[in-house]
Amino acid sequence: IPPGPRAPLPPFPRDFLWGVATSAHQIEGAADERGPSVWDAFTALPGNVKDGTTAAVACDHVRRYREDVALVRDLGVGAYRFSVSWPRVLPEGTGAVSERGLDFYDRLVDELCAADVRPVPTLFHWDTPLAVEEAGGWLTRATAERFAEYVAVVAARIGDRVPKWITLNEPAEHTLLGHALGQHAPGKRLLFDALPVAHHQLLGHGLAVRALRAAGAQDVGVANSHGPTWPASDAPADREAADFYDVLLNRLFSDPLLLGRYPEGVAELLAAAVPDPAADLKVIAEPLDWYGVNFYQPTKVGAPAEHATEFSGVTLPPQLPFAPREITGHPLTDFGWPVVPEALTELLLALRERYGDRLPPLVITENGCSYDGLDDQDRIAYLDGHLRALHRARTAGVDVRGYFVWSLLDNFEWAEGYRQRFGLVHVDYATQRRTPKASYHWLRSALAGLEAQAP
Ligand code: GBH
């Protein structure tokens, strides 16, 4: 399918890092060759995944990684963001290392290097080993320590060929969806009692940064979800609710990471679970070489409803001090998320405004959308719009040095199962046949065009 006619992208420098992203649980399959994770347990229970599927096979990537690396290479991007599955490396989460599991990542990294694509591993993308969960999971401090030990094992094996690391993916979503609302694994519905999960992931991040540095890593970052929070109206109750949501989404993780302190109000909520927050914050605020932003859409938030509300398939209990509202006047993806590219410019300017010189260089570590079909002109419009929005932020002085599309392949979209397709490449799950979509061809020629004229 030929790419539709479109104006060339605005210029990006030659050393701008272009990439595509995936995660282990969403593509790897070969579940019987690793230890179980919280997601295996969660998807085994009826009702948790909308189409009743699991990721036992997914994209069968463990067997087909050579073909997938060739797709990345042929796209013409310089980097591939994947995640390492903790239970594939340590089936029990701690203790005995699986040589077979480590071998897989060793071969994947070699294959990427041979294809001249930089491997950018994420060390945790939500697939906690079940044994670690059964010992208390991210509600306990010990999990942060176990995580750093696992990170050291991975770094010792592939660190010699990894130019750039990501510790955690979206600890905010993992806390909120996995532990507060129960829509993701491990399916806990703790509401604000989930806050220690945020702290222990942050601590795990800081300990992992130290483990990576000890192994010689030079270029370490994290991937956090961010998005502008818009109040439903100017009414004080709506503004207050939106500010609160903004703390949870945009500051709960970035303030400790970049400023070494929690936002107002949060420290009190954590007091019971964290004996010595000041000492932990020193670890958490280990300097980063860059900061990763996953952006999908803005959120509109208003004062809480009196009854439980349905939002985006999640039932939100009435005791939350905010309630999300529908954003109207913008196109929606197949997932129902509004498409608002200018919100990316707004977000990047807001991060720069808030953190000033404390903000490391940024990389967009995920951006993308769910649409069906091979002739995915809507995805082309989404990516094109967001790249222009990113360019505007750069022109306004925000130091953004890279951009990764979520995702290379259609894959297991968590509680949605296989119903949402985020790939530049279509996967026919019955045959595992990969077919590049129109968006893949568009991105390839857009990048080739940029390279021809890059400053
Ligand atoms: C990321 O999380 C994950 O890192 C990745 O694994 C996943 O596959 C990918 O995105 C796509 O979902 O209902 O309009 O308020 C996504 C983070 C947070 C983005 C919630 C959408 C709600 C949209 N998501 N947000 S809306």
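Both counts, for ligands and for their atoms, begin at 1 and track the order of listing. Basis for what follows: all heavy atoms, side chains included, without hydrogens, waters or symmetry-related copies.
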Salt bridge check, Arg251 against Glu264: does any charged N sit closer than 4.0 Å to a carboxylate O? yes
Basic-acidic side-chain contact under 4.0 Å: Lys50, Glu413: no
Between [X] and ligand 1, does any nitrogen or oxygen pair lie at a separation below 3.5 Å?
X	answer
Thr299	no
Ser23	no
Trp126	no

Report, as yes or no, whether the 6.0 Å neighbourhood of atom CD on Gln432 holds more than 12 heavy atoms from other residues, nucleotides or ligands. yes
Under 6.0 Å from the CD atom of Glu240, do we count more than 12 heavy atoms belonging to anything else shown? no
Would you indicate which of [options] comes nearest to [atom] when only heavy atoms are counted?
atom	options	value
atom 2 (O) of ligand 1	His125, Glu173, His184, Glu170	Glu170
atom 3 (C) of ligand 1	His25, Glu416, Glu366	Glu366
atom 23 (C) of ligand 1	Gln26, Arg325, Gln297, His174	Gln297

To the nearest 0.5 Å, how far apart are CG in Leu344 and OH in Tyr403? 8.0 Å
Distance from Gln26 atom CD to Phe82 atom CZ, nearest 0.5 Å? 15.0 Å
Ligand-residue contact atoms, ligand 1 with [X], heavy atoms, under 4.0 Å:
X	answer
Pro338	14 (O)
Phe422	11 (C), 12 (O)
Asn169	4 (O)

Will you find, in the side chains of Arg157 and Tyr105, an N or O donor that is under 3.5 Å from an N or O acceptor? no
Short version for Gln420: what comes under 4.0 Å of ligand 1, heavy atoms counted, is neither
